[in-house]
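The next block holds one structure in the form of structure tokens; read it before the comments.
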Amino acid sequence: MILRAGEAPDAHEARLAPYANTVATSRGRRYAEPAPRDRSDYQRDRDRIIHCSAFRRLEYKTQVFLNHEGDLFRTRLTHSLEVAQIARSIARALRLNEDLTEAIALAHDLGHTPFGHAGQDALNACMRTRAPQDPRPRSADEEGAAGSMPDGGGFEHNLQSLRVVDKLEERYAAFDGLNLTFETREGILKHCSRRHAARLGEVAARFLHGGQPGLEAQVANLADEIAYNNHDIDDGLRSGLLQLDQIEAIDFFGGHLHAVRAAYPGLATKRLVAETIRRMISTLIADLVAQTQANIEAAGVQGLADVRASAPLVGFSAPVREQLTRLQQFLRLALYRHPQVLRSTTKAARVLRELFNAYADEPRLLPSDHQRPKDMGQLRAIADYIAGMTDRYAIREHRKLFSVQDW
Ligand code: MG
């Protein structure tokens, strides 16, 4: 509970559904702070996320196309902004807490490595190979946050996002991290292995005991899916790796495309694609809102406790989910596994692997604030350092360490 006694909830929260999260029902922050004066606690979370350095670094991190491959492709930053926009629209329609939803959406990818999923897979493999097990027992002090992490346990980007906001950001005099509310932190932790959940305490309890996070977190999660499916089509077509006739054969895209063509015959391709994608996003949002409302009603949800105890309530209707799945299968084969994308991601994975091994073999190559006394979490510190790099910073560091031409 953050609100001071006798204080009215803010106007936004007063009109929310009974199953929305509010500051009045919040489980609060890890370190107690006075309530903010002119904004809600969830707005403060959002503001802290926007001001943190991990957020700015998203500008130069890969979504699908490497940052240097073109200026118009999505980056992690523009992706996160699109997710936040979609998530807010849905939250408002469902009378959920828009500020909390936005905070979760903006923070959801803060822990991503450079070079997208290829980078994260490479870093995970490095950590698993070099540190298969946790070498030392944890003290009681270290439990309950993503702050202290053993070397073992690989690398998970969701967990890393939580670690960024709980520990790695160094901006506040009184605490490590951003000291966000429980609800924002829980929403950021979309997936988590049982092994890590056991160590993290309350914020990860649902991964051990079942149960769902609040609807705001569920909305942010599906807004992510709406955003990337649509913008990856857009970027895929723009890059020339996808062809229009190829994707026209996929029902969900084809149906919307034909409707636009019928309404606007002779429309130039650029606008045809943009209008089709715009309509697809609208269809997905409208379907999600309607189906979620129906789910909430059918489950007889009265409040937050019911949300946590129910199966996931935010979701698409069965026919739309099926169409979306087919679209995703298409994108996986035609775009994410396109030889040109694979060539880039293979190269990117090699860069991260070689950086990791060089630092692990000789930690004195690291900047001094990333060096640790022997066996005291040096590998985790390397993973944090590499995960925090932008694409171009990683490429530059790799060149400095390995290039003979630039010697
Ligand atoms: Mg994302």
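Whatever order the structure lists ligands and atoms in, that order sets their numbers, starting from 1. Only this structure's heavy atoms are used, side chains among them; waters, hydrogens and symmetry mates stay out.
- For Y393, the side chain to side chain donor-acceptor pair (under 3.5 Å) partners are Y385, not counting sequence neighbours.
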- Message: Using ring pair (Phe, Tyr, Trp, His ring centres under 6.0 Å), reason through H157 and H117 one step at a time and then give a plain yes or no.
- Response: CA-CA 9 Å; H157 76 261; H117 283 277; 5.7 Å; yes
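- By the 4.5 Å heavy-atom criterion applied to side chains, V301 and L215 are not counted as neighbours.
- A perpendicular orientation is assigned to the rings of H231 and H79, their planes being inclined by more than 60° (bins at 30° and 60°).
- Take a cut-off of 2.8 Å around the Mg ion (ligand 1): the protein N, O or S atoms inside it are H79 NE2, H108 NE2, D109 OD2, D224 OD1.
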- Task: Step by step, work out the side chain to side chain donor-acceptor pair (under 3.5 Å) result for H398 and E354.
- Result: CA-CA 8 Å; H398 187 269; E354 290 178 352; 2.6 Å; yes
- Message: Under the criterion ring pair (Phe, Tyr, Trp, His ring centres under 6.0 Å), I'd like the reasoning laid out for F252 against H256: C-alpha separation, chi angles, the key distance, then a yes or no.
- Response: CA-CA 7 Å; F252 194 63; H256 285 86; 4.8 Å; yes
